[in-house]
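Numbers here simply count residues along the sequence, with the first being 1.
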Amino acid sequence: MTTRVEAPAGPFRTRGHGALLRARAALDAGPLLRNGHVLTLSSLLAATLGAAFWVLATHWYDTATVGRSYAALSAVMLLSGVGQLNLADVLVRFVPAAGRHAGRLALRCYAASALCSTVVAVAFLLLVPAVAPGLGYLREPVPAVCFVAGAVGYSIFVLQDGALTGLRRTGWVLGENALFAAVKAGLLALCGILALGAGILASWVGALLVALVVTNVFLFRHAVPEHRRDRRDAAGPQRLLGYAAADYVGALFRLAAYNVVPLLVLNQLGDEGSAYFSLAWVIAYTLFLVAYNMGSSLIVEAARAPERLEEHARKVLRHNTVLLAAAALLLVVSAPWLLALFGPQYAEHGTALLRLLALSALPNLLLGVAIDVARARRRLAWVVALQAALCGLVLGLSGWLLPLLGVTGVGVAWLAAECLLGLPLLLTLPRWLPRERSTR
C-alpha cells in the first residue's frame, strides 16, 4: 500500500502547489517548451558539473595553470566553432523533416566538420608564438595531440547535439552532458594524482571521446532508424548549401564574441586575470545558453509547423523573460558567495564581472529570438548583421575597457553591447514579430 503524505494547509501549500502546477503545465504545453526546458536543464547540469570540475582544478593546480588551461580550452572551443561550419544549427533546422536522409546528412556534416577542425587546430598551433604566446606549452607533443583531438571531438560533440535536438531526443543531450562531466572529473582526479602538467586539458579531451562513442551508438542505431521509419516519404533538404554558408558567416561572429575575449584577457591581464575572468564567465554563460536552447527548440518546431512561428516565438519570449529575470537576480545577489567557492581571490576580482554578465543575459534573450526567427524565415542577411554587430561591439568595447577596468571591463562591454542591440529590437517588435500573423 502506498502512503501519500499531505503538505500542511495554508499559504505555503497554495504557493508550492501553484508553482508545481505551472511547472507541469510548461512541460505539458508541447514539444516547444518541453524540449527547450530539457536542453536548458542539460546546460544547467553541464555548467554546474563544469564549475565543480574547475573547483577541483583550482585545488589540484595553481592559479597560473588554471588560467592557461582555461585559455587553451577557450581556444579549442573557438577553433572547434570555426571547424563546425555551423553545421549543428543546420542539423537542427533540416533533420526534423529529413526522414530517410537524416543519417546521411549527419555523417556528411561530421566528416566536413572533422576535416575543417583538424586544419584550423593545426594551423593555430603553428601560429601560437604570434597569436597567443601564453599558450606556447601547447606545442609540446602531448598537449598538441590533446589540443587537436579536443577541437575535432568537440566539433562532433556539438553536431551530435544538433542531430539529437532535431530528432526531439533532447533527453540524450542531457544524458551525454552528465556522462561527459562525470568522466571528466574522474580523469582530472587521476591526472592530479599523477601530477600531469597538461592534466586539465587531457582529462577534458578523454571524457569527450567517451561521450562521443556512447552517444553516437544510440544516435545511429536507434534514433535515426526510428526517424527514418516515421518520415519515410520525406524529401531531402532543399537549398542546404546556401543556407549553411550564410548561417556560418553569422555564427563566426558569434563565436568570436564568445571565445576571442578570453584570449584578449590572457594577453592583457596575464594568467591570473584569465583565471578570474574564466570562472565568472563559466557561471554566467549558463544564462546565455537558456536563450540558445529555447531557440533551438523554436527552430525545430518551425521546421515542423512554419505557420506557428510567430506564436511560438512570442511564447518563448514570455516564458524565458520570467525565467532569466529570476536567474539573473539570483546570480547578482549570490555572486560573491558562488565565486568564493573557488577561493577568496576569485570573489574579490570577479564579483562585479559576474553581476554584469548576468544582467546581460536579459537583452540577449531578445537578440537570440530575433536571430532564430530570421533563421527560420531564411532571412540570413539579418542573421549575419545582428551577430556581426554584437561581435564588433563586444570586442571593441572589451579591448578599450580592459586596461581601464580590468576584468570588470568585459562585463561592462557585454551589458552595453546587448542593450544597444536589444533596445531597438524591443521597440520594433511588432514589425519583425507581428501578433496578427499568429495561429492558435
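Within the 3.5 Å criterion, the main-chain N or O of V383 finds no donor-acceptor partner in the side chain of R375. Looking at S398, its side chain never comes within 3.5 Å of a backbone N or O of L395 through a donor-acceptor pair. Without hydrogens or angle criteria, Y248 side chain to V82 main chain gives a donor-acceptor distance under 3.5 Å. The closest donor-acceptor contact from the side chain of S42 to the backbone of V38 lies at 3.5 Å or more, if one exists at all. Side-chain atoms of T408 do not come within 3.5 Å of backbone N or O of A352 as any donor-acceptor pair. Looking at S113, its side chain never comes within 3.5 Å of a backbone N or O of C109 through a donor-acceptor pair. When atom types are taken as modelled, the side chain of T286 and the backbone of I283 share a donor-acceptor pair closer than 3.5 angstrom. Here the side chain of S274 pairs no donor or acceptor atom with the backbone of L266 at under 3.5 angstrom. Judged by distance alone, with hydrogens and angles left aside, the side-chain atoms of N35 form a donor-acceptor pair with the main-chain N or O of P31 at under 3.5 Å. For H227 (side chain) and V95 (main-chain N/O), a donor-acceptor pair under 3.5 Å exists by modelled atom type.
Counting only N and O atoms by type, the side chains of Y292 and D89 include a donor and acceptor under 3.5 Å apart.
You'll find the side chain of S297 stays beyond 4.5 Å of the side chain of T165, heavy atoms only. Inter-residue side-chain proximity for T170 and L164 is flagged as unmet; no heavy-atom pair is nearer than 4.5 Å. Side chains of D372 and M294 form no contact here, defined as non-hydrogen atoms less than 4.5 Å apart.
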Can you give me every donor-acceptor pair (side chain of residues 180-190, partner residue at least two apart or in another chain, under 3.5 Å) with its distance?
none

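Ion pair R221/E226 not flagged as a salt bridge, since none of the NZ, NE, NH1 or NH2 atoms sits closer than 4.0 Å to an Asp/Glu carboxylate oxygen. Using a 4.0 Å cut-off between charged side-chain N and carboxylate O, D247 and R254 make no salt bridge. Between K315 and E301 no salt bridge is recorded (no basic side-chain N to carboxylate O distance below 4.0 Å).
Ring centroids of W281 and Y276 are separated by 6.0 Å or more, keeping the two rings apart. Under the 6.0 Å cut-off for aromatic ring centres, H319 and H37 qualify, their centroids lying closer than that.
Ring orientation note: the planes of Y243 and F94 are nearly perpendicular, at an angle over 60° on the 30°/60° scale.
From R355, atom CZ reaches atom CG of L353 across 11.5 Å, with rounding to the nearest 0.5 Å.
Residue W382 places its CH2 atom among 12 or fewer non-hydrogen atoms of other residues, nucleotides or ligands, all under 6.0 Å distant.
Each of V119, V120, L79, V122 was scored for a side-chain contact (heavy atoms from CB on, under 4.5 Å) with V148, with one residue passing: V122.
Under the ring-ring contact (aromatic ring centres under 6.0 Å, His included) criterion, W172 pairs with F218, sequence neighbours left out. In this view, F147 and F124 satisfy the ring-ring contact (aromatic ring centres under 6.0 Å, His included) rule, not counting sequence neighbours.
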Residue pair S80, S155: steps toward the side chain to side chain donor-acceptor pair (under 3.5 Å) verdict: CA-CA 5 Å; S80 170; S155 294; 2.9 Å; yes
